[in-house]
Amino acid sequence: VRRFCNAAVRKATQAKAIPESVWEGLLVLDVLAHANSLIQQRTQKELIVNAEHTGQNNVNKVVSRISGRGFGGAAGRQVDSGAAPATPGFWVPEATVPAKEFELECLAEGIVPPDAEFLLFVQNAQAKVLATSELLKLRPHDARLRSFVVHRQLVPASFLRRV
């Protein structure tokens with residue numbers, strides 16, 4: 001989805017018009033980025049709960065095993081907490097990816113002029129950045145989605161500084 005969005009934005013800037021498909025693609029990418037962040041938050045909470053049940057030394061072993069392998073498969077796995085055999089492990093998602101992987105590179109490249117984006121932001125989004133929960137409730141045809149800044153999870157910091 002990110003590759004599609006990057007290519008579509010590049011093509012749209014050459015044509016001087018951004019089609020609906022770009023904004024729809026950004027909404028889909030927003031949903032994926034939000035789901036990924038929820039999985040990461042749940043994993044952090046499970047680590048804390050595991051620390052309370054098994055003791056800090058066991059959690060340190062688990063965290064070092066997880067960080068050594070990294071996240072990157074397609075499914076989850078059950079990780080043994082290192083405690084007694086009767087103690088269940090906890091779920092570690094292998095499908096999470098770094099948040100930076102959802103950012104649009106084409107915006108960091110400076111393809112979209114900052115003044116054009118500022119105009120989109122003021123006209124369509126009424127100069128308001130929505131909370132992620134509000135953004136995900138909007139329909140794809142909603143004009144408030146027609147600004148890159150509104151999709152803040154997807155926008156590189158370098159682009160925001162220019163706008």
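The shown structure was predicted, so the numbers you read here are calculated from the model rather than taken from an experiment.
For the pair I18 and L120, the minimum side-chain heavy-atom distance is below 4.5 Å. Taking 4.5 Å as the limit, every side-chain heavy atom of L145 sits out of range of all side-chain heavy atoms of L26. Proximity of Q14 to I111: side-chain heavy atoms (C-beta onward) are nowhere separated by under 4.5 Å. No side-chain heavy atom of V155 sits less than 4.5 Å from a side-chain heavy atom of V163. Between F121 and V129, the closest side-chain pair of non-hydrogen atoms falls below 4.5 Å.
For the atom pair CD (E24) and CZ (F4), the distance works out to 8.5 Å, reported to the nearest 0.5 Å. Taking OG1 of T132 as the reference point, atom CG of D30 lies at 7.0 Å (rounded to 0.5 Å). In this structure, OG1 on T43 lies 7.5 Å from CD on Q40, to the nearest 0.5 angstrom. Expressed to the nearest 0.5 Å, how far SG of C106 lies from CZ of R3 amounts to 14.0 Å.
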Practice task
Under the side chain to side chain contact (heavy atoms under 4.5 Å, CB included) rule, what do L29 and Q153 come out as? Steps first, then yes or no, please.
Solution key: CA-CA 9 Å; L29 198 55; Q153 296 183 97; over 6 Å; no

Practice task
Check the pair V150 / R144 against side chain to side chain contact (heavy atoms under 4.5 Å, CB included), numbers first and verdict last.
Solution key: CA-CA 8 Å; V150 172; R144 291 176 286 177; 5.9 Å; no

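Looking at every heavy atom in both residues, L104 comes nearest to C5 through CD2-CB, 3.7 Å. Minimum interatomic distance between S147 and W23 (heavy atoms only, all atoms of both residues): N-CZ3, 3.5 Å. The shortest non-hydrogen separation linking L135 to L27 is O-CD1, 4.0 Å. Scanning both residues, R146 and N124, for their nearest heavy atoms gives O-ND2, 2.9 Å. For the pair L107 and F159, the tightest heavy-atom approach, listed with the atom from each and the gap, is O-CD1, 3.5 Å. The two residues E101 and R2 have their closest heavy-atom pair at O-NH1, 2.8 Å.
Under the 3.5 Å distance criterion, the side-chain polar atoms of E105 are left unmatched by any main-chain donor or acceptor of N6. Panel note: side chain E117, backbone V149; a donor-acceptor pair is recorded below 3.5 Å. No donor-acceptor pair closer than 3.5 Å links the side chain of R162 to the backbone N or O of D115.
Salt-bridge formation is detected for the pair E103/K100: a Lys NZ or Arg NE/NH1/NH2 atom is positioned less than 4.0 Å from an Asp or Glu carboxylate oxygen.
L136 is not connected to F102 by any chain of hydrophobic side-chain contacts under 4.5 Å among Ile, Leu, Val, Met, Phe, Trp and Tyr, and they are in different clusters. With hydrophobic clusters built from ILVMFWY side chains whose heavy atoms lie under 4.5 angstrom apart, L38 does not share a cluster with L32. Under a hydrophobic-cluster definition in which Ile, Leu, Val, Met, Phe, Trp and Tyr are linked whenever side-chain heavy atoms come within less than 4.5 Å, directly or via other members, L130 and V31 are assigned to different clusters.
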